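Worth saying up front: this structure is predicted, and the values here are computed from it rather than measured. No hydrogens, no waters, no symmetry mates; every other heavy atom, side chains included, goes into these values.
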Protein chains: 2
Amino acid sequence: MRVAMIEDDIELAEILAEYLGSHNIDIVNFDDPYLALAKLRVESFDALILDLTLPQIDGLEILKDLRKFSDIPVIISSARSDIADKVLGLELGADDYLPKPYNPRELEARLKAITRRKGKTAQSDIKIDRQKGVVYFKNRVLDLTPAEFEILSYLYENSPRAVSREELIRNIDSLNENSTPKSVDVIIGRIREKLRERENPKHLLSVRGVGYRLIR
Amino acid sequence: MRVAMIEDDIELAEILAEYLGSHNIDIVNFDDPYLALAKLRVESFDALILDLTLPQIDGLEILKDLRKFSDIPVIISSARSDIADKVLGLELGADDYLPKPYNPRELEARLKAITRRKGKTAQSDIKIDRQKGVVYFKNRVLDLTPAEFEILSYLYENSPRAVSREELIRNIDSLNENSTPKSVDVIIGRIREKLRERENPKHLLSVRGVGYRLIR
DNA sequence: ACTTTATGTTTACTTTCTGTTTACCTCGAT
DNA sequence: ATCGAGGTAAACAGAAAGTAAACATAAAGT
């Protein structure tokens, strides 16, 4: 589990990082909240621990901005015991509120509780259960046609090797063996559509002059 | 929003019920935890507020039993401030921990936070109690014929695997084993009708060339 | 015993899906 | 700028799925 933290008290951050690190939870701390927001935009974490009492800006503002683009679980950690803060924080979309000082064990338990609820850890986005004929993408079942499913599975099993169109046509039952290589291109495009990565593919990459490669 | 509460302090229960009631949250309090469990088995609530310090039994035992048949969001409310209790509670599957005394406003905020979270994680709309022969869809009992019920249950138990028409005909008692696969199509259509997803199915999906799949 | 209702099945027809091809566009390396 | 490769919208045809209606039989009601 990989967790982002916004905490300006470096010492506290290090203590927590050490304790949680030894329990298999990697902490990435940001003392600059704007840098954190930028990172959260492009990288994926399992949760965010947010300190409210920041020097530059109210942590609640950060939360508000964050919620415009992410539904990552957020635990607010604050020395402010004002009930109004709690209520406001939870209304702004925080998932939990932990008053300082707290025991690292409790933070750990809450992190686990929250991510268990979401059932989501930032491991590989794509999981395939060939027996059940099911593809999960970001923990949701993908609804694929037979050709789409078989191509994705084939690339998955050969990941991260680049596979040629010809090899796909030869080995995929749902493809007519007399088909043009272009058929593959079209179906790849449709899979990308369902992965929502038609522009800027992250998993299903084309390898110029060779074919296609899947990154799990 | 309709919330169950297990709280033996009747006075406190009434205060909370009144406050939350005026904020559009209906509280159904049980002073008998076993009665509560029985009710939770058959009725649907949006959350449960659980007092740990009950006269007859440890609230954590209730939570453990509850988790065997329900994944309803649970907020533990307790005068016990022992950290071990918190950790244990969250590990047993509670979603939040609220130490007494607390402000009703905070309880309200947490209830909202939890159910909002629930909405995001698109948890299962369909619940099946095979023993009782009851299907709940979006917290309502569905009136199904035997064949409809059995097909839905079979798909449910094999979810999200795609099941062939032949497998269904073979395994569903209410279907004549000499029936055409088309029979299945028609019954599936009727189930969809009752799920109100005849157009644009979200749960009962057809998998072309294979059969049908249920997404819980 | 008789009638009505409910429910699974079949039929016949319509609609949708999906793999394929074509045509045109974009992008990147040289 | 050029050329080749990949991307994709659109059109198409055959296959699969959807479904309305009629039917047969079992179950329920009288």
Side-chain angles (χ1 to χ4, degrees), chain A residues 133 135 142-155 162-215, chain B residues 133 135 142-155 162-215:
Chain A
V135 176
L142 267 194
D143 191 16
L144 299 175
T145 72
E148 289 163 3
F149 175 77
E150 285 187 65
I151 288 182
L152 191 57
S153 300
Y154 193 91
L155 291 174
V163 179
S164 72
R165 295 166 176 72
E166 288 69 26
E167 183 178 345
L168 287 171
I169 289 173
R170 239 181 295 119
N171 289 291
I172 303 299
D173 288 344
S174 313
L175 296 182
N176 185 326
E177 58 184 285
N178 300 319
S179 300
T180 312
K182 264 287 150 190
S183 290
V184 176
D185 295 7
V186 174
I187 295 171
I188 291 282
R190 288 176 184 165
I191 299 174
R192 282 183 177 148
E193 179 73 39
K194 292 181 179 177
L195 296 176
R196 309 223 168 124
E197 58 176 46
R198 214 159 197 177
E199 0 217 297
N200 199 16
K202 291 219 175 346
H203 300 86
L204 195 39
L205 311 178
S206 48
V207 183
R208 176 168 263 250
V210 184
Y212 294 96
R213 149 183 304 158
L214 186 79
I215 308 292
Chain B
V135 176
L142 272 192
D143 188 18
L144 299 176
T145 71
E148 288 164 3
F149 176 77
E150 284 187 66
I151 287 182
L152 191 56
S153 300
Y154 193 90
L155 292 174
V163 179
S164 72
R165 294 166 177 72
E166 288 69 26
E167 182 178 344
L168 288 171
I169 289 173
R170 238 182 295 118
N171 290 290
I172 302 299
D173 288 343
S174 313
L175 297 182
N176 184 325
E177 59 183 285
N178 299 320
S179 298
T180 312
K182 264 287 147 194
S183 291
V184 176
D185 294 9
V186 173
I187 296 172
I188 290 283
R190 289 175 185 164
I191 299 174
R192 281 184 178 146
E193 181 70 39
K194 292 180 179 177
L195 296 176
R196 311 226 169 128
E197 57 175 46
R198 207 152 202 179
E199 3 214 295
N200 200 15
K202 293 233 173 330
H203 299 85
L204 195 38
L205 310 179
S206 49
V207 182
R208 170 168 270 243
V210 183
Y212 294 95
R213 148 184 305 161
L214 187 80
I215 307 292

Write down the protein N/O and nucleotide N/O pairs, taken from nucleotides 19-29 of chain D, whose separation is under 3.5 Å; answer none if there are no such pairs.
residue	atom	partner	partner atom	Å
D:dT19	OP2	B:R198	NE	3.1

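For A:L205 and D:dG7, the CG to P distance is 10 Å, given to the nearest whole Å. Rounded to an integer number of Å, the gap from CG of A:D143 to P of D:dA16 is 17 Å. Atom C1' of nucleotide C:dT9 and atom CD1 of B:I188 are separated by 15 Å, given to the nearest angstrom. Going from atom CG of B:L204 over to atom C1' of D:dA17 covers 13 Å, rounded to whole Å. When the P atom of D:dA15 is taken as reference, atom CZ of B:R208 falls 11 Å away, rounded to whole Å. When the C1' atom of C:dG8 is taken as reference, atom CG of B:L168 falls 14 Å away, rounded to whole Å. A straight line from CD of B:E148 to P of C:dT9 spans 12 Å, rounded to a whole angstrom. Following rounding to the nearest Å, A:E166 (CD) and D:dG6 (C1') show an atom-to-atom distance of 14 Å.
Across every non-hydrogen atom of A:Y154 and A:V163, the tightest pair is CE2-CG1, 3.8 Å. Across every non-hydrogen atom of A:R165 and A:D185, the tightest pair is NE-OD1, 2.7 Å. Considering all non-hydrogen atoms of both residues, A:V207 and A:A162 come closest at CG2-CB, 3.7 Å. Residues B:R190 and B:R198 approach most closely at N-NH2, 4.0 Å, considering heavy atoms.
Between B:R208 and A:T145, the closest side-chain pair of non-hydrogen atoms is not below 4.5 Å. Between A:Y212 and A:V184, some side-chain heavy-atom pair lies under the 4.5 Å cut-off. B:L204 has its side chain out of reach of B:I151: every pair of non-hydrogen atoms, C-beta onward, lies at least 4.5 Å apart. At a threshold of 4.5 Å between non-hydrogen side-chain atoms, the residues B:I187 and B:L175 count as touching.
For the helix from C:dA1-D:dT30 to C:dT30-D:dA1, the terminal axes (five pairs an end, C1' atoms, rotation from four pairs onto the next four) enclose an angle of 50°, given to 10 degrees.
Between C:dT21, D:dG7, D:dG18, one nucleotide has an atom nearer to the side chain of A:S206 than all others, and that is D:dG7.
Residue A:Y212 has no polar side-chain atom (N or O) positioned under 4.0 Å from OP1 or OP2 of D:dA5. Proximity of A:R165 to the phosphate of D:dA5: no side-chain N or O atom is located under 4.0 Å from OP1 or OP2.
Taking OG of A:S183 as the start and CD1 of A:I172 as the end, the distance is 12.5 Å to the nearest 0.5 Å. Residue B:D143 holds its CG atom at 8.5 Å from CD of B:E148, rounded to the nearest 0.5 Å.
Residue A:S183 is classed as a base contact, given a heavy-atom separation below 4.0 Å to a base. Within the 4.0 angstrom heavy-atom criterion, only backbone atoms of the sugar-phosphate kind lie near B:V207; the bases stay farther away.
Of the residues A:L205, A:L152, A:I191, the one that meets the side chain to side chain contact (heavy atoms under 4.5 Å, CB included) test with A:L214 is A:L152.
Between the side chain of A:R192 and the backbone N or O of A:P201, no donor-acceptor pair lies under 3.5 Å.
Of the residues in residues 170-180 of chain B, not one places a heavy atom less than 4.0 Å from an atom of DNA chain D.
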